[in-house]
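My questions will all concern the structure given below.
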Amino acid sequence: MQSLINKGPRYTTTSVRTIKGEDHLGIRSVAISMADHLQSGITSITPRARYWAFFAWVLDDFIQHAHEAKTLINFKRFLKKQEGYFILANIADAEANGTTTLAVIGSTEGIKVWRTKFDTFEPFYNYVQESFGGYGTYRNVMKIMGLTMVGDEGIGVQIDRLTKLGIKLAEAFQQLIQNTEYYQKYRLTNDPVPREVIRQYGQAAALNGLKEAESKDYPLLTNIFLPEESINARHELRKHSMLYYMNIINQSNGNKLTFSYMQDLMFDGFYHHKLTVLKKLQTVAKGWEIYQARQFFTYSLDTIWSYLLNRMSRRILTMTELINSVLTELENSGYDLAEQVADINRYIPLTTEFRRSFIKQMRVEQKDVNLHVWQPTLVMLDVYHRLLGREDFEIIHDELLKLGGKDSISLKTWMEFVDSYQQKSIKDFISYILRYFILEQHHKVALNKMITTKNETYHFIDNDGKLYFISDDVPVFNTFRVNQGLDILEDLGLVKNIKGTYQVTSLGQVKLNGIY
């Protein structure tokens, strides 16, 4: 065995076994792009509304009042000092109210600092490695929201600049804290800050403290996420997506909004009339249906990919031998691969229960050709049939279907492929998927990553036509940004979450009723 593995050109170090990054078929990023269209500015790591106001204030305060030269290095140090105390303020507020520090960046290190026995706290900067601190997480989405814009190197401005809206938000946050001792005495110095001063700061401006009647930044933030008049199409889509979640909550009948529940409801609810969707929200409802279709397609293809890797780990084969071995297993399991692809229509469409069962079985560790090749293929064909001939789709939906192009196997590419194979055999159909959508696709993606990022991501090596296994991979769904949208709505007091069960508040109902 060793002599076979060493045959031909070799890597000179063991770094070949260090797999970096993810999305090793280069197909998962398409769903992220779809979510960016439908819910721009709210990502999987930006779930707290008041952070937009806090970072706007820090930027404005540095520009207007900091004693240091307005360089990028000085801004980063000023920022991390301010954020360090803001972390402690949030921990202090949570402690006082018997709650937890949900999605407070750097809270792990902050809790260690807060739990010391000291009565005063020096500035601390090591709460995250990112040189921009938590601002590195929110920096891009603040630009998307229209609060900041990039600096102008041509005139010597290295740091981000605030827009008029960003300045208003910064001023609103400043009004929250301008009477605190932290703001008046400590924010522009490096003096240790007393514990009681931090508690007062948290009481004034913690992330959990947004209130309609009391918080100066509340109306601005509410209008940013759910604008009365949208600036552009993406703002409108984000607003309607947020309202769509509330529309769903109103019909959830007390069900917890788990990942699988929301996934199935977004894919089947509107299409199968299980969910009543307000007319103005139907565009985003169909957009999220396509997003879920993409998730099902990607997860299924990743599942087949993981099955092929498992086969490679057991025996060294050529690509043709590997593909033929899978086809033989399918035939031995009773599938007639000589049938035409069109004949599979008898299995389609899948019910919600069958699809959910198939996806659950894809997670089974013990690999099985039925669970990890045949059933994923049916799920992908179910996606094809769901999206086929949809006369209710608009321009935006066609754009979502095209995202990824041929390089990342867009849904449009998938549908065109299935169309072209309707009268061909299932054997040829699955053979093409295995060879070109998985094995060749991985080679292309891994080579591109080597060239562009220097990351080693090969899961197998083709050496003299033989495939040598390197590492397993597992299918995963993209992080569901809807959860972060719900967190924003909860911060704004438009929904409330009671142990995973959501309710739309009276304030949220007013917002929802306003779109009729």
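The analysis underlying the following values was restricted to heavy atoms, covering all of them including side chains, and did not include hydrogens, waters or symmetry mates. Numbering of residues begins at 1 and proceeds along the displayed sequence. Because the structure is predicted, anything quoted here is derived from the model rather than measured.
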Residues in ring-ring contact (aromatic ring centres under 6.0 Å, His included) contact with Tyr347, at least two apart in sequence or another chain: none

Side-chain donor or acceptor of Asn324 paired with backbone N/O of Glu321 under 3.5 Å: no

Main-chain N/O of Tyr458 paired with His443 side-chain donor or acceptor, under 3.5 Å: no

Under 3.5 Å side-chain donor-acceptor pair for Asp160 and Tyr135: yes

Side chains of Tyr245 and Gln39, donor plus acceptor under 3.5 Å: yes

Any donor-acceptor N/O pair, Lys286 side chain to Asp392 backbone, under 3.5 Å: yes

Pair Ser333, Trp374: side-chain N/O donor-acceptor within cut-off below 3.5 Å: no

Any donor-acceptor N/O pair, Asn255 side chain to Ser252 backbone, under 3.5 Å: yes

Lys/Arg cation over aromatic Tyr127: Lys80, 6.0 Å, 45° cone: yes

Side chain to side chain contact (heavy atoms under 4.5 Å, CB included) assessment of Ile433 paired with Phe417: CA-CA 10 Å; Ile433 291 171; Phe417 163 68; 3.9 Å; yes

Exercise: identify the closest heavy-atom pair between Arg294 and Ile27: NH2-O, 3.1 Å

Check: Ser471 main-chain N/O paired with His459 side-chain donor or acceptor under 3.5 Å: yes

Gln441 side chain vs Leu25 backbone, donor-acceptor pair below 3.5 Å: yes

Check ion pair Asp464-Lys466 (N to O, under 4.0 angstrom): no

His240, Glu236, His397, Glu394 screened by side chain to side chain donor-acceptor pair (under 3.5 Å) with Thr283, the one that passes: Glu394

Under 3.5 Å donor-acceptor, Arg48 side chain and Ile488 backbone: no

Trace of the side-chain hydrogen bond (donor to acceptor under 3.5 Å, both in side chains) decision for Ser306 with Thr303: CA-CA 5 Å; Ser306 72; Thr303 297; 5.3 Å; no

Cation-aromatic face contact Lys424/Phe429, 6.0 Å, 45 degrees: no

Whether Tyr432 and Phe437 hold their rings parallel, tilted or perpendicular, with breakpoints at 30° and 60°: perpendicular

Value rounded to 0.5 Å, distance of CD1 in Ile359 from CZ in Phe296: 4.5 Å

Pairs under 3.5 angstrom only: tabulate donor-acceptor contacts from the side chains of residues 270-277 to other protein residues two or more places apart or in another chain.
from: His272; atom 1: NE2; to: Arg386; atom 2: NH2; distance (Å): 3.4
from: Lys274; atom 1: NZ; to: Thr352; atom 2: OG1; distance (Å): 3.4

Got a list of side-chain donor-acceptor pairs under 3.5 Å for residues 472-479, not counting sequence neighbours?
from: Asp473; atom 1: OD2; to: Trp305; atom 2: NE1; distance (Å): 2.9
from: Asn478; atom 1: ND2; to: Arg28; atom 2: O; distance (Å): 3.3

CZ-CD distance between Arg311 and Glu329, expressed to the nearest 0.5 angstrom: 4.0 Å

Donor-acceptor under 3.5 Å (Asn247 side chain, Leu278 main chain): yes

Side chain to side chain contact (heavy atoms under 4.5 Å, CB included) between Phe267 and Trp288, worked out: CA-CA 7 Å; Phe267 188 66; Trp288 284 109; over 6 Å; no

Glu331-Tyr335 side chain donor-acceptor pair, cut-off 3.5 Å: no

Leu309 side, atom CG; Leu439 side, atom CG - distance, nearest 0.5 Å: 8.5 Å

Donor-acceptor contact present, side-chain Thr101 to main-chain Val104, <3.5 Å: no

Closest non-hydrogen atom pair, Leu387 against Ala293: CD1-CB, 4.2 Å

Salt-bridge present (Lys412, Glu416; N to O < 4.0 Å): yes

Passing candidate, side-chain contact (heavy atoms from CB on, under 4.5 Å) with Ile344, options Asp382, Val418, Leu378: Leu378

Side chain Asp343, main chain Gln340, donor-acceptor under 3.5 Å: yes

